[in-house]
Amino acid sequence: MLLFVVSLVPLLPTEVTLLGMGVAAAQGGTSLAAVIAVASAGCLASDQALYALGRFGGRAALDRLSRRKKIAAGLGWLDGRLQRHPRPVLVVARWLPSGGTLGALLAGSLRWPMAEFFAASAIGVTLWTSYVALLGYAGGRIVTEPGISLLLSLAVALILGSVITYSVKRGAKAI
C-alpha cells in the first residue's frame with residue numbers, strides 16, 4: 001500500500017522506495033512481480049492525473065514549475081523532442097529527474113490524444129518500474145544485508161541516472 005501511495009504522488013521518493021521493495025523481494029519479503037505491478041499502477045495513475053492537469057490547467061502549471069532552473073532545462077528538452085518523436089521521448093523521460101511528471105504535464109498541455117498518451121505512459125512506467133525494482137532485487141541478491149544492498153542499488157541507480165542525464169544533455173547540445 002505504501003509503495004502505491006508513494007508511486008501515485010509526484011515528487012515523492014518513488015525510486016528509493018521501489019529500490020527498497022526490490023531488495024525486500026530478493027530477500028523473500030514480497031513478490032517482485034507484485035512490487036512491479038503496484039508501482040506501475042501508481043505511476044500510471046499519477047501520469048493520467050498529471051496529463052489531465054496539463055490538459056485542463058494549460059501551461060499555467062508548467063510555467064509555475066519552470067521557475068526552477070533544472071525543471072526549466074528539462075522542460076525545454078522535452079518540449080522540443082515531444083513534438084518530433086512523442087512516444088519514445090515519453091518513455092525515455094521516465095529516467096530523467098522529474099521527467100515523468102514534466103512529460104505528462106506537457107503532453108496534456110499540448111493536447112495529445114489521451115489514448116496515445118496512455119499507451120506511451122504505460123510502456124514507460126512498466127519499463128522504468130521494472131528496471132528500478134530489478135536493480136533493487138539484484139542488490140538484494142548480491143548482498144544479504146538489507147541496508148548495504150539498498151545503498152549498493154542506490155549507488156548503481158545514481159550512476160546510471162547520471163549517465164543517462166549526461167547523455168541527454170550532451171545530445172541536446174549537439175542539436
Side-chain angles (χ1 to χ4, degrees), residues 1-51 65 68 70-71 73-75 77-78 81-82 85-107 117-171:
M1 183 64 173
L2 173 67
L3 178 59
F4 180 79
V5 171
V6 170
S7 300
L8 184 63
V9 179
L11 306 177
L12 282 183
T14 305
E15 188 168 22
V16 174
T17 306
L18 189 49
L19 281 168
M21 293 302 292
V23 169
Q27 297 174 354
T30 187
S31 159
L32 181 61
V35 168
I36 293 169
V38 167
S40 294
C43 288
L44 188 60
S46 177
D47 278 3
Q48 302 319 299
L50 289 165
Y51 171 89
L65 284 171
R68 295 175 54 194
K70 286 185 179 183
I71 300 260
L75 190 57
W77 184 88
L78 279 170
R81 281 154 187 82
L82 263 178
H85 309 288
R87 285 172 214 87
V89 167
L90 273 181
V91 171
V92 171
R94 302 275 343 155
W95 279 265
L96 302 173
S98 301
T101 300
L102 293 175
L105 285 168
L106 189 57
F117 174 74
F118 184 86
S121 174
I123 291 167
V125 159
T126 303
L127 289 174
W128 183 79
T129 56
S130 297
Y131 151 77
V132 175
L134 285 167
L135 200 56
Y137 186 86
R141 296 300 276 177
I142 292 169
V143 179
T144 57
E145 170 59 39
I148 294 172
S149 59
L150 179 60
L151 289 175
L152 174 66
S153 297
L154 280 170
V156 171
L158 180 64
I159 291 166
L160 290 174
S162 297
V163 167
I164 292 167
T165 301
Y166 173 77
S167 298
V168 166
K169 286 181 181 179
R170 188 171 177 214

If I compare all heavy atoms of Ser40 with all of Val125, which pair ends up nearest, and what's the gap? O-CG1, 3.3 Å
I'd like to know if the side chain of Thr14 reaches the main chain of Val6, judged simply by a donor and an acceptor atom lying under 3.5 Å from each other, with no hydrogens or angles considered. yes
Minimum-distance pair of heavy atoms, taken over all atoms of Arg141 and Ala26: NH1-O, 3.2 Å
Is Thr126 reaching over with its side chain to a backbone N or O of Ala122, donor-acceptor style, under 3.5 angstrom? yes
Atom pair CE/OH of Met21 and Tyr137 - distance to nearest 0.5 Å: 13.5 Å
With a 4.5 Å heavy-atom cut-off, do Thr129 and Val35 have their side chains touching? no
Over all heavy atoms of both residues, which pair between Ser31 and Ala25 is shortest? Give the atoms and the distance, please. C-CB, 4.2 Å
Might you point out which heavy atoms bring Ile36 and Ser130 nearest each other, and give the distance in Å? CG2-OG, 3.5 Å
Give the minimum heavy-atom separation between Leu32 and Leu134, together with the two atoms involved. CD2-CD2, 3.4 Å
Does the side chain of Ser121 come within less than 4.5 Å of Leu90's, by heavy atoms? no
Please list, chain by chain and in numerical order, all residues satisfying side-chain hydrogen bond (donor to acceptor under 3.5 Å, both in side chains) with Ser7, sequence neighbours excluded. none
Which pairs with one or both residues in residues 16-25 pass salt bridge (Lys or Arg N to Asp or Glu O under 4.0 Å), sequence neighbours excluded? none
For residues 10-38, pull every pair meeting salt bridge (Lys or Arg N to Asp or Glu O under 4.0 Å), keeping only residues two or more places apart or in separate chains. none
If you round to the nearest 0.5 Å, how far is CZ of Phe118 from CD1 of Ile123? 10.5 Å
For the residue pair Trp128 and Cys43, what are the closest heavy atoms and their distance? CZ3-SG, 4.2 Å
